[in-house]
Structures are given as structure tokens and as C-alpha cells.
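In what follows, a single structure is set out as C-alpha cells and then discussed.
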Amino acid sequence: MNEDTICAPATVPGTGAISVIRVSGGEALPAVSALVKCAPGREVMMAPGYSVRFGRIFLNDGQLLDEVLVTVFRAPHSYTGEDSAEISCHASKYIVDSVMHLLMEAGVRPAEPGEFTRRAFLNGKMDLAQAEAVADLIAAQGAASHHLALSQLKGGFSNELKKMRGELLNIVSLMELELDFGEEEVEFADRSQLSALVDAVAGHIGRLISSFRLGNAIKNGIPVAIAGATNTGKSTLLNALLGEERAIVSDVHGTTRDTIEETLNVDGMLFRFIDTAGVRLTDETVEQIGIERTFRKLEEAVAVLAIVDASQPGLDAGRGLDEVLAKADVSRQKVIFVVNKMDLADVPAGYSGYSCGSENADCGNHIVAMLDGMRHKYKLPANTPVVCISAKKGEGLDRLQAALKDVCAEYAVSSDDVIVTNARHIDALQNALSALSRVQDGLSSGLPADLVAQDIREALYHLGSIVGEISTDEVLGNIFKNFCIGK
């Protein structure tokens, strides 16, 4: 299959002025040269790498289809490591389809999803972790996820793995050398030093595994649960944040029966807002199921927007807060009190706008006292934000977004720390850590060197599977089938 010459649109036809069609393989340049008619002496076949040729493409009946530019890349200095060309034509779907048809008539077959990147991996242009980073880079919706994907694409994660594999290879080679001199009872590796080295590698892998929660949140959106009692304006808030009518809003209690999730990019940070079913006592079976799902979603949230209804008198304003905070993991999660419906509240004299803060919130003394009691009861930080808004009127949302960015600042990712974002990688790391745990046990109990070495080789296998030093066609197929065609 890798000997075929392949082609695919690298851009979506009809969505811009120009479309790009990629061609790669041993016959890429002859096929494109035959298709694109250039001036004498300027043929694509004669072009050096990293050069551009102007030409025209004609249909089989001789009619002009389009005037195009062809960018030439010669092996091994191309994305795939093969001879490649990119045809830039006008973005008409008719033109793109016609060019693809003419290429296929010339013996070039359509590329499969991710086949260009798969060839780049197979030809040694990048390792498997870097190849997966290509898909993450394309899918990145925020500055933080873009930073992580770019760092992995540049080899940051791969370099960490190669360093650890090198240390483990050194250990296992010394142990296997001892086996060659088994009768002489020669010890080439000091067991205490080996144990310390294994401990260091295991600790490093453990830190990478711990980073997955952060990496997963950055990649898929920082999960933020909007929680509170029924009719406190949770769905209205979600709609206001998104700027569209995503959730049904009604005065009827218990309208939201299931969770609704949508992402929003706030100044480069991607948040995944989860609108949950309102919390209340009910005998309605479907609503009870929705409330149970609310509590499950609370567990996965990084931040919780605890909604307070400013239009309600006394303690009624805090309906549902006890149930929400009791289910939330407030030792780990960030809580923001959101005092909603300020447009209906009995605001203090001299009111001039909604303010943000725990001490000066313009939301009435009864609400301030109630929130102070909640902070004390659930041992929340004294500086737990209080944001006063009117979701219906869209007022105070800028302060809410600022508070979210502040409490989730650790997810901005401004350093070059390696953070794991891929579920396949985390599975391999966990398997490697399990093997190293057996190595540690074996070293401490005086297990024979050949048995300890076998566990080290297993750890090496799992680490190698991440970068593709050990891979199968099935693994590669599962990875690249999720790529877009043309990449």
C-alpha cells in the first residue's frame, strides 16, 4: 500500500478562495507534471524541491479547467518523506472534484484518513506520538491545547520517553551481561544503584500519569458544572455564555432532565460548560434520574458554578446549594458562587451595577450572610469568588468569565512541562509503571536477575509502544482512522 501514489484535498472545497490538493508517492511528480501544463522548460518534473510552478489544467475534451500553482517537494525533504506536490486551485467543488478525477485516471488513488501522516511516521519523519500530535494540533480550540499539541509535535514528550527508555535499557543490559557470566557470579550492576534508578524512572512515569487529568481537561475543555436548584437560571446562563439558545428555558420547575455540554473559548482557554438538572425533592422518576446525573457530573468538574437566586427572599435564595456543595469535592474543585437574577433583586440603595467579590457583592445582606455560612460549613477559602449577574439580560458575564479564568489559571499552560493528553499514552504508561513496580519488588526481595530483567523489558515494551518503536498494523489503523482525509 505504501508504494501507491495517493492524493486528497487538504482543504475543504468551497469554503475559501483556494483549495489545496496533496499528491505523494513515487509517481507523484510525473502524474502532476502530466496533468499541469507549464511553460516549456518549467515542467513540474524538472522543478527542484521547495519551488513553485504556474500552469494550467485542461479537461479531457481540451477545455481549460483552471490555472493553478504547484508546490514541489522532493524526497526525503517533504512531509511524508516521499516525492510530493501540492496543487493550489480555486476552491470550487467542481474544480477540486475534476482535478481529483483526472489524477485518479492517471493511476493515483485517493488517500485514506491520516495516510499522509502515517507515511511520515513509516518513513521516519516523526515518531508515533508526534504523529498523534498532528491530529491534536488540527483539533486544538484554545491556546493551551495548541501549546500542548505543538510541544508534543516538536518531540517534547518523545524526548522524555527516550531518556527513560535509555536508562532502563542500560539496566537490563547490565543484568543480561551478568547472566552471561552466571557461573562466575559476577555482579556488573550494584543493586542499590539499580533500585534508585528504577525508583527515579517510576517516579517520572507517575508524574506523567498524574498530569493526564490536567491534559485531558485542556484538550477537551475544562469541565465547569452549572449547578443549583430548579429555576435559578442555569440554562439561561448557559445560553447567555454561548450566545445562542442551546438549552430549553422555561418557568416550569424541572425542565432540564439531562446534562447539556458545550464548549466555549475564553481568551485562549477552552471551557466545557455542563448545564445540569435542577436539584430538588421530587417523586418524578425521570427528574430523579436527571438529578443523579447532575451529581455524577459534579464529580468530574474542575470548577462548579453554584447558582444563587437573588430574586428569592431569605434562605430561599440558596435553595439547592447544600446538596450541590455536599456532593462536590471542594478540597479539589474550585467553587464560584453566581448570584443570578440581579435584575429582580431588591438591591441596596445607591446600587450602580453588579460587583464581584465576597465582601462587597451588591446582592443584599441576606445573601451575603448565607454565602458566608456556606463557606464556613464546607470549609471553602475565604476568597471564594462571588459574581453577581443577570443571565437573562447578559449582565455581569464578563466578570464571571474573568473569575473562571482566575480560578483555573493552572490550566493556562505557559511552561514547557510535559503533560499527557492521550488515552492510549496513559494506558501504556500505567502498564509500564506496573511492570516497574514488579521490578522494585524483585530487586528488594533478591529475585534472580533474569526474572527482574523480564519485567524491565516489559516496561520498555510499553514505553516503546507510545512512540511507535513497537507497533502493529492494528494499532496504527486505530490511530490513523480518526485523522481527517488529506492529513
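Residues: numbered from 1 along the sequence shown.
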Handout entry: Least distance between heavy atoms, T80 atom then N123 atom
Key = O-ND2, 2.7 Å
Exercise for the section: Report yes if some heavy atom in the side chain of V68 is under 4.5 Å from a heavy atom in the side chain of I95; otherwise report no. Expected result: no
Problem - Flag if over 12 foreign heavy atoms under 6.0 Å of CZ, F58 - result: yes
Problem - Taking every non-hydrogen atom, the tightest pair across L404 and A303 - result: CD2-CB, 4.2 Å
Handout entry: Heavy-atom side-chain contact between I389 and R399 under 4.5 Å
Key = no
Handout entry: M104 atom CE: more than 12 heavy-atom contacts under 6.0 Å
Key = yes
Fill in the blank from the handout: Separation between CG (L161) and CD1 (I466), nearest 0.5 Å, reads 5.0 Å
Problem - Residue pair L237 / K234, side-chain heavy-atom distance below 4.5 Å - result: no
Handout entry: Point-to-point distance, once rounded to the nearest 0.5 Å, from OG1 of T263 to CG of N220
Key = 9.5 Å
Practice task
With the side chain counted from C-beta on, respond yes when V338 and I336 share a heavy-atom pair under 4.5 Å apart, and no when they do not.
Solution key: yes
Problem - Crowding at CD, E160 (>12 non-hydrogen neighbours, <6.0 Å) - result: yes
Exercise for the section: Show your reasoning for whether side chain to side chain donor-acceptor pair (under 3.5 Å) applies to E43 and S33. Expected result: CA-CA 6 Å; E43 290 86 354; S33 189; over 6 Å; no
Completion exercise
Distance col, row I18:CD1 vs H90:NE2, nearest 0.5 angstrom, shows 5.0 Å
Practice task
Using a 4.5 Å cut-off on heavy atoms from C-beta on, say whether the side chain of L103 contacts that of I21.
Solution key: yes
Handout entry: Test item: V23 and V108 side chains (from C-beta on) under 4.5 Å apart, heavy atoms
Key = yes
Practice task
On the 0 to 90° scale, with breaks at 30° and 60°, tag the F73-Y50 ring pair as parallel, tilted or perpendicular.
Solution key: perpendicular
Handout entry: Test side-chain contact (heavy atoms from CB on, under 4.5 Å) applied to R119 and E82, step by step
Key = CA-CA 8 Å; R119 291 188 175 199; E82 307 169 326; 3.1 Å; yes
Exercise for the section: Tell me, with the steps shown, if D267 and Q401 meet side chain to side chain donor-acceptor pair (under 3.5 Å). Expected result: CA-CA 9 Å; D267 297 333; Q401 291 181 358; over 6 Å; no
Practice task
State whether the side chain of S390 and the backbone N or O of G394 hold a donor-acceptor pair below 3.5 Å, judged by distance alone.
Solution key: no
Practice task
Provide the closest heavy-atom pair for D83 versus R74 in the form atom of the first, atom of the second, distance.
Solution key: OD1-CA, 3.5 Å
Exercise for the section: Could you tell me whether the side chain of V20 reaches within less than 4.5 Å of the side chain of V96, counting heavy atoms only? Expected result: no
Problem - Under 3.5 Å: donor-acceptor pair, side chain of S210, backbone of G206 - result: yes
Practice task
Taking all heavy atoms of L436 and all of A459, pick out the closest pair and write down the distance.
Solution key: CD2-CB, 3.8 Å
Problem - Option among D136, T421, N422 that satisfies the side chain to side chain donor-acceptor pair (under 3.5 Å) test with K219 - result: D136
Handout entry: Side-chain donor or acceptor of E469 paired with backbone N/O of G464 under 3.5 Å
Key = no
Problem - Any donor-acceptor N/O pair, R56 side chain to D66 backbone, under 3.5 Å - result: no
Exercise for the section: Using a 4.5 Å cut-off on heavy atoms from C-beta on, say whether the side chain of V302 contacts that of C408. Expected result: yes
Exercise for the section: Identify the two heavy atoms, one from N340 and one from A391, that lie closest to each other, and give their separation to 0.1 Å. Expected result: OD1-N, 3.0 Å
Practice task
Enter the distance from K405:NZ to I222:CD1 here, rounded to the nearest 0.5 Å.
Solution key: 11.0 Å
Handout entry: Whether N431 side chain and D427 backbone form a donor-acceptor pair below 3.5 Å
Key = yes
Practice task
Take V386 and V308, measure what side-chain contact (heavy atoms from CB on, under 4.5 Å) needs, and give me the verdict at the end.
Solution key: CA-CA 10 Å; V386 177; V308 178; over 6 Å; no
Problem - Test: R272 and E262 ion pair at under 4.0 Å - result: no
Handout entry: R109 and E115: CA distance, side-chain angles, deciding distance, salt bridge (Lys or Arg N to Asp or Glu O under 4.0 Å) verdict
Key = CA-CA 12 Å; R109 70 166 174 82; E115 191 168 0; 2.5 Å; yes
Problem - is_close_aromatic(H425, F157), centroid dist under 6.0 Å - result: yes
Exercise for the section: Taking atom NZ of K125 as the centre, report whether more than 12 heavy atoms of other residues, nucleotides or ligands fall under 6.0 Å from it. Expected result: yes
Practice task
Without swapping roles, check the side chain of N159 against the backbone of G155 for a donor-acceptor pair under 3.5 Å.
Solution key: yes
Practice task
State whether E112 and R118 are salt-bridged, where the test is any N-O pair (Lys NZ or Arg NE/NH1/NH2 against Asp/Glu carboxylate O) under 4.0 Å.
Solution key: no
Exercise for the section: Give a yes or no answer on whether the side chain of D127 reaches the backbone of F121 with a donor-acceptor pair at less than 3.5 Å. Expected result: no
Problem - Verdict with supporting geometry, E86 and V70, side-chain contact (heavy atoms from CB on, under 4.5 Å) - result: CA-CA 6 Å; E86 293 183 354; V70 179; over 6 Å; no
Fill in the blank from the handout: OG of S434 to CG of L429, rounded to nearest 0.5 Å, is 12.5 Å
Exercise for the section: Indicate yes or no for a side-chain donor-acceptor contact from R424 to the backbone of S465 under 3.5 Å, with no hydrogens or angles considered. Expected result: yes
Problem - side-chain contact (heavy atoms from CB on, under 4.5 Å) between L137 and L150, worked out - result: CA-CA 7 Å; L137 189 63; L150 197 59; 4.3 Å; yes
Problem - Distance (rounded to the nearest 0.5 Å) between R53 CZ and T71 OG1 - result: 11.0 Å
Problem - Exam field: side chain S151 to backbone H147, donor-acceptor pair closer than 3.5 Å - result: no
Problem - Aromatic Y79 / basic K487 pairing, under 6.0 angstrom, 45° off normal - result: yes
Exercise for the section: Return yes if some donor-acceptor pair links the side-chain N/O of T384 with the main-chain N/O of P381 below 3.5 Å, else return no. Expected result: yes
Completion exercise
Taking every heavy atom of L35 against every heavy atom of I87, the minimum-distance pair comes out as CD2-CD1, 4.3 Å
Practice task
Report yes or no: is the cationic atom of R22 (NZ for Lys, CZ for Arg) closer than 6.0 Å to the six-membered ring centre of F116, at no more than 45° off its axis?
Solution key: yes
